[in-house]
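Just so you know, these numbers come straight off a predicted model, no measurement behind them.
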Amino acid sequence: MELVGVPEHLRVLAESVVAEANKDPRVLAVVVGGSVASGTSDEYSDLDLVLVCTPEGQPECLAEAKEFAGRVGSLLSSFTGEHVGEPRLLIALFGPPLVHVDLKFVTPDGLRERVEDGLVLWQRDDTVDRVRAESTAQWPQPDAQWIEDRIWVWVHYVAVKIARGELFEAIEALGAIRGVAIAPLAGIGRTTRPAGVRRLETLAPELVPALRETVATADRADCLRALKASVDVYHTVRARSGVQVVRRTAAEEAAVDFLG
């Protein structure tokens, strides 16, 4: 079986998944997404697979997901994706050599709400083609107003944690501000597939020096310095995004003044 577009280090597992799916009449198709589908994979890429199942068979397929994974390769560990809000997902590690594989078990109706079309590696019938003809993939895009409505509350939250001496909580919250506020705005106009801080170095290389300043050590003064740097970078990306927002000026002034 030749799976065009799947990189060599992922091909054996992809072929094994397709072979197992073909044996199971409850499975209608195997679709690959992520970097493989977008043509940006490299030697570090994971294998993101969607298994489209019959409506009546999907609950059983999901319940047997670990057993399915155990049949396709040398399974080292696996767990379901409730922590990322996706209980239909099995996250698995195979090896050696080590390969991360995501297996998501969906119904045809579940496939209608998707962030990408992906590449069909195998299908039993035309179910996937029909769903795609009737629906559109939509990658979540940043909402600049949503961010502006929250950022100053977050800034105050971090400042309070620093003042209290909860430095590891502050460091984690600083990372959240980078991922949920700064990176999405920085990526506007530069990517149609925003993914937090992933590939931010490539998307916005001119911001890297300033972004380095938003990373703190477990020291109160350094955390405060990083928080002020985060405010500065947010101002920069908000202005550069070109998106008009209702600025929460009163909250901004109060939060910045609180920083001292």
Side-chain angles (χ1 to χ4, degrees), residues 1-7 9-38 41 45-141 193-196 198:
M1 181 190 308
E2 182 66 24
L3 300 182
V4 177
V6 179
H9 74 288
L10 301 175
R11 196 168 300 151
V12 171
L13 275 171
E15 291 173 347
S16 184
V17 170
V18 168
E20 284 298 323
N22 195 18
K23 297 176 187 176
D24 191 334
R26 299 170 299 183
V27 182
L28 302 175
V30 177
V31 182
V32 63
S35 60
V36 174
S38 64
S41 62
S45 292
D46 301 338
L47 188 60
D48 300 311
L49 297 175
V50 175
L51 283 79
V52 184
C53 307
T54 62
E56 61 276 11
Q58 189 267 353
E60 290 181 349
C61 287
L62 182 57
E64 300 168 8
K66 291 187 177 183
E67 288 79 4
F68 180 94
R71 294 194 297 270
V72 303
S74 179
L75 181 64
L76 298 175
S77 184
S78 65
F79 52 92
T80 50
E82 285 83 0
H83 66 292
V84 291
E86 186 47 89
R88 300 172 300 176
L89 176 67
L90 183 76
I91 300 167
L93 183 67
F94 294 85
L98 293 179
V99 177
H100 176 120
V101 180
D102 288 346
L103 297 167
K104 184 158 70 171
F105 297 81
V106 305
T107 64
D109 275 347
L111 190 63
R112 294 179 185 278
E113 295 184 7
R114 61 193 187 280
V115 299
E116 60 183 341
D117 282 332
L119 299 175
V120 178
L121 299 183
W122 166 85
Q123 56 184 332
R124 193 177 302 279
D125 55 27
D126 66 347
T127 296
V128 173
D129 297 332
R130 287 188 285 105
V131 169
R132 287 182 174 181
E134 298 168 356
S135 58
T136 303
Q138 294 185 328
W139 193 278
Q141 298 300 310
R193 296 165 65 99
R198 291 196 61 191

Residue pair Leu90 / Phe68, side-chain heavy-atom distance below 4.5 Å: no
Note, His9 side chain near Pro97 side chain (heavy atom, < 4.5 Å): no
Arg132 and Asp129 ion-paired at < 4.0 Å: no
Distance-minimising heavy-atom pair for Gly34 and Arg193: O-NH2, 3.8 Å
Cys61 vs Val27 side-chain heavy atoms within contact, under 4.5 Å: yes
Pairwise side-chain contact, Val131 with Arg114, heavy-atom cut-off 4.5 Å (strictly under): yes
From OG1 (Thr107) to CG (Leu51), nearest 0.5 Å: 12.5 Å
Closest non-hydrogen atom pair, Ser41 against Ser45: CA-OG, 3.2 Å
Side-chain (Gln58) to main-chain (Phe105) donor-acceptor, under 3.5 angstrom: yes
Thr54 side, atom OG1; Arg124 side, atom CZ - distance, nearest 0.5 Å: 9.5 Å
Spacing of CG belonging to Leu13 relative to CG belonging to Asp46, to within rounding of 0.5 Å: 11.5 Å
Closest approach of Leu75 to Ala69 (non-hydrogen atoms, all atoms of both residues): CD2-CB, 4.0 Å
From SG (Cys53) to CG (Leu111), nearest 0.5 Å: 10.5 Å
Within 6.0 Å of CD in Glu67, more than 12 heavy atoms from elsewhere: yes
Side chains of Val32 and Leu47 in contact at under 4.5 Å (non-hydrogen atoms): yes
Closest contact, heavy atoms only, Lys23 versus Pro25: O-CD, 3.4 Å
Close side-chain approach of Ile91 to His83, heavy-atom, < 4.5 Å: yes
Check: Ser74 side chain, Phe94 main-chain N or O, donor-acceptor pair, under 3.5 Å: no
Arg71 atom CZ, over 12 foreign heavy atoms within 6.0 Å: yes
Listed partners of Arg26 passing salt bridge (charged side-chain N to carboxylate O under 4.0 Å, His left out), at least two apart: Asp24, Glu60, Glu64
Whether Arg88 side chain and Lys104 backbone form a donor-acceptor pair below 3.5 Å: no
Test side chain to side chain donor-acceptor pair (under 3.5 Å) applied to Thr127 and Asp125, step by step: CA-CA 6 Å; Thr127 296; Asp125 55 27; 2.7 Å; yes
Of Val17, Val36, Val18, the residue whose pairing with Leu121 passes side chain to side chain contact (heavy atoms under 4.5 Å, CB included): Val18
Donor-acceptor contact below 3.5 Å, side chain Ser16 vs main chain Val72: yes
Exceeds 12 heavy-atom contacts within 6.0 angstrom, atom CD of Glu82: yes
Donor-acceptor under 3.5 Å (Trp139 side chain, Pro194 main chain): yes
Approximate separation, where rounding is to 0.5 Å, of Leu10 CG and His100 NE2: 11.0 Å
